[in-house]
2 protein chains.
Amino acid sequence: MATISDVAARAGVSTATVSRALNGKSTVDPELAARVVAAAEELGYHPNGLARNLRRQETAVLALIISDVENPFFTAIARGVEDLAQVSGYSVVLCNSDENEDKERRYIDVALQERVAGVVLSPTGRSTNVDRLRRQGTPVVAVDRPLTGGPDGDQVLVDTRRAALDATRHLVAGGYRRIGCLSGPAGVRTADDRLAGYLDAVGEENAVFRRAEYRAEGARVAATELLELPDPPDALLVANSTMTIGVLEALTSRGLRPGRDVGIVSFDDAPWTTLIDPPLTVVAQPAYEVGRVAAQLLLARITDGTRRPTTTTLEARLIERQSSRR
Amino acid sequence: MATISDVAARAGVSTATVSRALNGKSTVDPELAARVVAAAEELGYHPNGLARNLRRQETAVLALIISDVENPFFTAIARGVEDLAQVSGYSVVLCNSDENEDKERRYIDVALQERVAGVVLSPTGRSTNVDRLRRQGTPVVAVDRPLTGGPDGDQVLVDTRRAALDATRHLVAGGYRRIGCLSGPAGVRTADDRLAGYLDAVGEENAVFRRAEYRAEGARVAATELLELPDPPDALLVANSTMTIGVLEALTSRGLRPGRDVGIVSFDDAPWTTLIDPPLTVVAQPAYEVGRVAAQLLLARITDGTRRPTTTTLEARLIERQSSRR
DNA sequence: TTGAAAGCGCTAACAG
DNA sequence: CTGTTAGCGCTTTCAA
């Protein structure tokens, strides 16, 4: 692969001139510059980013570590981060931690090794992994879930406890009497918060809930358990759209109709939620916006490492459709 | 950030020894090795991947350039690539080309600059971008769509034309008389192939079809056009699940029921396809498998650049549900 | 088994 | 405006 010296030789100038001509940083004689460009073209020259970054001690790459590539909520965040990064000349590499602390650590190590300019992540459980980044001074911004242990680092969250409270109250207002909740795993902050919001609304004494993985299958099983209770819930708040798929399966297989028989409100406004009958009432989270804001904060922190850490909390929006009406 | 010399100084050895001890390549006196490990630990040392890769002239990173992060088909591929790469010690960075040749070119440039070990991509339109990779000798494997211009490079495809043919015949067998097709943009190979398979089945003279972006909105409009024809189709083959969302919206807003009024077969077995009423008949593509095979081929080509290019074609599977029955 | 030294490809002082 | 030179942090001969 052609190197800068090859180009320099061909253009009859020094490597420094090639560098200057190609990067447009300093002024170069137009005629020389033209020769350089021509030579680079002829040789199919692509600057070696490794060498460049090693020398410059910086990389125009952001790492985005999310817990599930197949969850529309996170892919929407990814788009937000990417769109914003793009215009500032940064590329984004996506890593899938799979809600697994080990994988998260591995990817954080990769990020550290490759000396990325900064990382956006949805932290899994404990913060010990994040500390590694902080210790090396790599800018981080957390999305969706707060960093535990100190306000060190920016965060972009959604007020999901409040959203769960509102959603539950909406169900109460709709005339449902015994409202249940299906939330994600204990220790996952969003899952805990959504459950807490639900409890705020119904009170501990009236609570009927289960926790499961943020996946369809676990939710199906958990929903079935709830429905088989002696005094089963007549409405369900479900903590994410993937779980809702399982919940709807459980309902269908028991001949129960959403809305009429069991009121449903689901987190996340997935594209299919309007297609089913009845259409689902959902809590729409501003995922794309979360991504954009996170990228903005990260870039700001990259240019100015001394900025005080901030926490941005965005509001979710309840979209009332038919599954929460009898 | 601590460097190898810091570690060397602290352990009282040379940088060469640190390198050997930490990489375990060569034999190092156990006692020295222990000192090195301890020193690295204390300093929170993370080897600089940039420097390492620059020296070694290789990177353990694969780039995966796909045309839509929000399309479940591609995220399933991503999982397949990642799972396989992981066990061989490679990391995968995901780039979103958005079905846009410019973005694709930018990401290919990034891949080239960062000297990734290889790239998996779903090529957008013309192959001029891919040629850049080939010219530099970077191993490439194409997924979902073939590389145009020569069999230079491995490819992993799905026999989607055949799948479209079978799906259309299935509709014919179900008693539908006038079968229409909604496919993706001209020039996108999968869209062309699915349309071709449809034409194979119904014959040019009976064809009623529209093309649209691989997105919900365009498909909704196109489906509406078809349904407003003087002699509208009584069944529709839809080229991807995102488009199907638009198609179902069009049907619903006209009071038409899938199956009974208009038979539907959709490409891609999205998780929600069983939740709607009636459940959708779909063409399930082995996306995860496509990803795994692609990664396998890429790794093989990375270790042996002289391998002859291969083309793997996987079969799709028709899953019959209720939307293709009256 | 260990250390000294060269060099991967690039950029940025520093002279000229 | 241009060239010379040093060096980013690492791995890998080559000698000892």
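Letters A, B, ... are given to chains in the order of the sequence lines, protein chains preceding strands, and every chain is numbered from 1.
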query = Can you pull the contact range of chain A along DNA chain C, 5' to 3', using atoms under 4.0 angstrom from its heavy atoms?
reply = dG9(C) to dA13(C)
task = Give me the bend of the helix from dT1(C)-dA16(D) to dG16(C)-dC1(D), using the axes of the five pairs at each end, rounded to 10°.
result = 40°
query = OP1 or OP2 of dC10(D) less than 4.0 angstrom from a side-chain nitrogen or oxygen of Thr15(B), does that happen here?
reply = no
inquiry  = Quick check on dC10(D): is either OP1 or OP2 less than 4.0 Å from any side-chain nitrogen or oxygen of Asn53(B)?
reply    = no
request  = Calculate the interatomic distance between Leu54(B) atom CG and dG7(D) atom P; express it in whole Å.
outcome  = 17 Å
Side-chain donor-acceptor pairs of residues 55-64 of chain B under 3.5 Å, sequence neighbours excluded:
{"unit_1": "Thr59(B)", "atom_1": "OG1", "unit_2": "Arg115(B)", "atom_2": "O", "d": "2.5"}

ask   = Do Val143(B) and Phe74(B) come close enough that some side-chain heavy atom pair is under 4.5 Å?
value = no
query = Around atom CD of Glu213(A), are there more than 12 heavy atoms of other residues, nucleotides or ligands at under 6.0 Å?
reply = no
ask   = Any N or O donor-acceptor pair linking the side chain of Arg115(A) to the base of dG9(D) at under 3.5 Å?
value = no
ask   = What integer distance in Å separates Lys25(B):NZ from dC10(D):P?
value = 17 Å
query = How many Å lie between CG on Asn48(B) and C1' on dT11(D), as a whole number?
reply = 13 Å
Residue whose nearest DNA chain D nucleotide is more 5′ - Arg20(A) or Val18(B) = Arg20(A)
key: Residues Arg132(B), Asp109(B): salt bridge by 4.0 Å N-O rule   = yes
key: Among dT2(D), dG3(D), dC8(D), the nucleotide that comes nearest once only the side chain of Leu32(A) is considered   = dT2(D)
note = From the list Val140(A), Val141(A), Val156(A), side chain to side chain contact (heavy atoms under 4.5 Å, CB included) with Leu298(A) holds only for Val141(A)
message = Using whole Å, what does the distance between atom P of nucleotide dG9(D) and atom CG of Leu112(A) come to?
response = 15 Å
Pairing of Glu31(A) and Arg35(A) as salt bridge, 4.0 angstrom limit = yes
ask   = Taking OP1 and OP2 of dG9(D), is either one under 4.0 Å from a side-chain nitrogen or oxygen of Arg52(B)?
value = no
task = Write down the distance between OH (Tyr45(B)) and C1' (dC10(D)), rounded to a whole number of angstrom.
result = 7 Å
query = Rounded to the nearest Å, what distance is computed from the CG atom of residue Leu50(B) to the C1' atom of nucleotide dG7(D)?
reply = 15 Å
remark   = Between Ser19(A) and Asp29(B), the residue closer to the 5' end of DNA chain C by nearest nucleotide is Asp29(B)
Under-4.0 Å salt bridge between Arg308(A) and Asp154(A) = no
inquiry  = As a test of reading the structure: which of dG3(D), dT11(D), dG9(D) is closest to the side chain of Gln57(A), going by heavy atoms?
reply    = dG9(D)
task = Answer yes or no: does atom CZ of Arg301(B) have more than 12 heavy-atom neighbours from other residues, nucleotides or ligands under 6.0 Å?
result = yes
key: Nearest-angstrom distance from the residue atom CE of Met1(B) to C1' of dG9(D)   = 13 Å
key: Separation of atom CZ in Arg56(A) from atom C1' in dC8(D), rounded to whole Å   = 13 Å
query = Any salt bridge between Asp98(A) and Arg79(B), counting N to O under 4.0 Å?
reply = yes
task = Over all heavy atoms of both residues, which pair between Asn96(A) and Ser67(A) is shortest? Give the atoms and the distance, please.
result = ND2-C, 3.9 Å
